[in-house]
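The structure presented is a predicted model; accordingly, all values stated were derived computationally and were not measured. We number each residue from 1, following the sequence as shown.
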Amino acid sequence: MSAEKRQLREQEILDQTLVMIEEEGFFNLKISDLAKRCGVSIGTIYSHFSCKEDLLLGLEIRETRKAFKLVREATALGHNAIEKFVLADISCSSLLQEQPVFAEIELLVKAPSIWKRASPQVYEMMEILFRQFAEFFDQLLDDVVEELRGEQDKAHFTRVLGIGTWSLNFGLQAIAISSYSKDEQAPKLPSHWAGIHHANLNCFLKGCGWQQADGEAFIAGLSGRLADYRKNQKPH
């Protein structure tokens, strides 16, 4: 089999894995059922992915690569460090809002009971990608804090802003896929996701010295800019 055909088959296996996770959940996924869906033998599945955990990490790697590309495009729409950082953060948040199943996958692959069972080479591939993504955001954070505060307590505020915004998105992911989000008395996620995200991101930036008069409106405006850009990029 040529490298191109092998890659196409792997993508089809991952596509069907995603459908089955959405329908039945990861822990109910059976390789035999996946093979039937793909029209191949069980051995063929294992020739591409040695275990269920490799399938999950494979999905995470594929979607993180796509997300990284979209985040880089989003930052290019910014005119200064704050705009670039906000656009990058909105990009990550909106992608998970639009496809909640990836929020579940993101949470699962971070669990030791998952990644410890994956093949070392697949795990290392995911970790390299995560490090690249983290380094990209670290640079954005450095630039934002330098723009807001210069060198004054730069390391401290870079850490505070980084952990704060990461925790915000991680928390929204967890709530969105939990039973709490289905509670009639609970805040409606993901329907109120953007507003909650904008309000909290505004607070984090204000805590680092941001002086924008109406920060939430400013962030919402950047969100609209990004939405318009993505809409224009879709084939008509």
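No donor-acceptor pair under 3.5 Å is formed between the side chain of Q16 and the backbone N or O of L14. Under a 3.5 Å cut-off, the side chain of N169 and the backbone N or O of S93 do not form any donor-acceptor pair. Using modelled atom types, one side-chain atom of N28 and one backbone atom of E24 make a donor-acceptor pair closer than 3.5 Å.
Ion pairing of R62 with D15 is present here, as a side-chain N (NZ or NE/NH1/NH2) and a carboxylate O approach within less than 4.0 Å. Classification of E216 and K206 as a salt-bridged pair fails, no side-chain N sitting under 4.0 Å from a carboxylate O. Between K66 and E63, at least one side-chain nitrogen of the basic residue sits less than 4.0 Å from a carboxylate oxygen of the acidic one, meeting the salt-bridge criterion. A salt bridge between E73 and K69 is present, with a side-chain N of the basic residue lying under 4.0 Å from a carboxylate O of the acidic one.
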>> Apply ring-ring contact (aromatic ring centres under 6.0 Å, His included) to residues W210 and F218 and explain how you reach the verdict.
In response: CA-CA 12 Å; W210 195 34; F218 179 86; 5.5 Å; yes
> Would E10 and K5 satisfy salt bridge (charged side-chain N to carboxylate O under 4.0 Å, His left out), going step by step from the backbone distance to the final call?
Replying inline: CA-CA 9 Å; E10 284 189 358; K5 285 185 177 180; over 6 Å; no
>> Working note: L107 + F170, criterion side chain to side chain contact (heavy atoms under 4.5 Å, CB included); need CA distance, chi angles, decisive distance, verdict.
In response: CA-CA 8 Å; L107 294 174; F170 191 84; 3.2 Å; yes
> Between K110 and E106, is a salt bridge (charged side-chain N to carboxylate O under 4.0 Å, His left out) present by the stated rule, with each step listed?
Replying inline: CA-CA 7 Å; K110 292 179 174 69; E106 280 250 315; 3.5 Å; yes
> Does the side chain to side chain contact (heavy atoms under 4.5 Å, CB included) test come out yes or no for R65 and I61, once each step is laid out?
Replying inline: CA-CA 6 Å; R65 283 172 176 160; I61 290 166; 3.6 Å; yes
> Passes side chain to side chain contact (heavy atoms under 4.5 Å, CB included), L18 versus I105? Steps please.
Replying inline: CA-CA 9 Å; L18 181 60; I105 291 169; 4.0 Å; yes
>> Let's go through T158 and E146 carefully: what are the C-alpha distance in whole Å and the side-chain angles of both, what is the deciding distance for side chain to side chain contact (heavy atoms under 4.5 Å, CB included) to 0.1 Å, and is it a yes or a no?
In response: CA-CA 9 Å; T158 298; E146 187 170 333; over 6 Å; no
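Closest heavy-atom contact between V109 and I114: CA-CG2, 4.3 Å. Residues C92 and V71 come closest through the heavy atom pair SG-CG2, 3.6 Å. Considering every non-hydrogen atom in both A118 and L57, the closest pair reads CB-CD2, 3.6 Å. Shown here for E12 and C38, the closest heavy-atom pair between the two residues is O-SG, 4.3 Å. Closest approach of K154 and D142 over heavy atoms only: CE-O, 3.6 Å. Taking every heavy atom of both residues into account, L140 and A88 meet most closely at CD1-CB, 3.7 Å.
How far CD1 of I21 is from CG of L59: 5.5 Å, rounded to the nearest 0.5 Å. How far NZ of K52 is from CG of L55: 9.0 Å, rounded to the nearest 0.5 Å. Atoms CD1 and CZ, from I90 and F85 in turn, are 10.0 Å apart once rounded to the nearest 0.5 Å. Separating the CZ atom in F102 from the CD atom in E22 is a distance of 7.0 Å, to the nearest 0.5 Å. Atoms CZ and CZ, from R149 and F157 in turn, are 3.5 Å apart once rounded to the nearest 0.5 Å. The distance from atom CG of L108 to atom OG of S113, rounded to the nearest 0.5 Å, is 8.0 Å.
Of the candidates L87, I82, V86, D214, I219 forms a side chain to side chain contact (heavy atoms under 4.5 Å, CB included) with just one, namely V86.
A 4.5 Å side-chain heavy-atom check between L168 and L172 finds at least one atom pair inside the cut-off. The side-chain heavy atoms of V122 and M126, taken from C-beta on, include no pair separated by under 4.5 Å. Counting heavy atoms from C-beta outward, C208 and V144 have side chains that stay 4.5 Å or more apart. Looking at R230 and L70, their side chains come closer than 4.5 Å, going by heavy atoms from C-beta outward. Within the 4.5 Å cutoff, side-chain heavy atoms of S223 are placed close to those of H198.
Listed by first then second residue, pairs satisfying salt bridge (charged side-chain N to carboxylate O under 4.0 Å, His left out) with a partner in residues 81-95 read E83-R225, not counting sequence neighbours.
A continuous path of hydrophobic side-chain contacts links L29 to Y46 [ILVMFWY only; heavy atoms under 4.5 Å]. Note on I45: it clusters hydrophobically with I42, by side-chain heavy-atom contacts below 4.5 Å among ILVMFWY residues. Residues F133 and I128 are members of separate hydrophobic clusters, defined by side-chain heavy-atom contacts under 4.5 angstrom among Ile, Leu, Val, Met, Phe, Trp and Tyr. Under the 4.5 Å side-chain heavy-atom criterion for ILVMFWY residues, no single connected hydrophobic cluster contains both V160 and V145. In the hydrophobic clustering of ILVMFWY residues, with side-chain heavy atoms under 4.5 Å counting as a link, V19 and F27 come out apart.
Annotation: Q121, atom CD; neighbour count of heavy atoms from other residues, nucleotides and ligands within 6.0 Å is above 12. Remark: E4 CD is loosely packed, at most 12 non-hydrogen atoms of other residues, nucleotides or ligands lying under 6.0 Å away.
A donor and an acceptor atom, one from each side chain of T44 and S47, are nowhere located under 3.5 Å apart. Under 3.5 Å, the side chains of E135 and Q139 contain no donor-acceptor pair of N or O atoms.
Using the six-membered ring where Trp is involved, F68 and F136 have ring planes that are perpendicular, over 60° apart on the 30 and 60° scheme.
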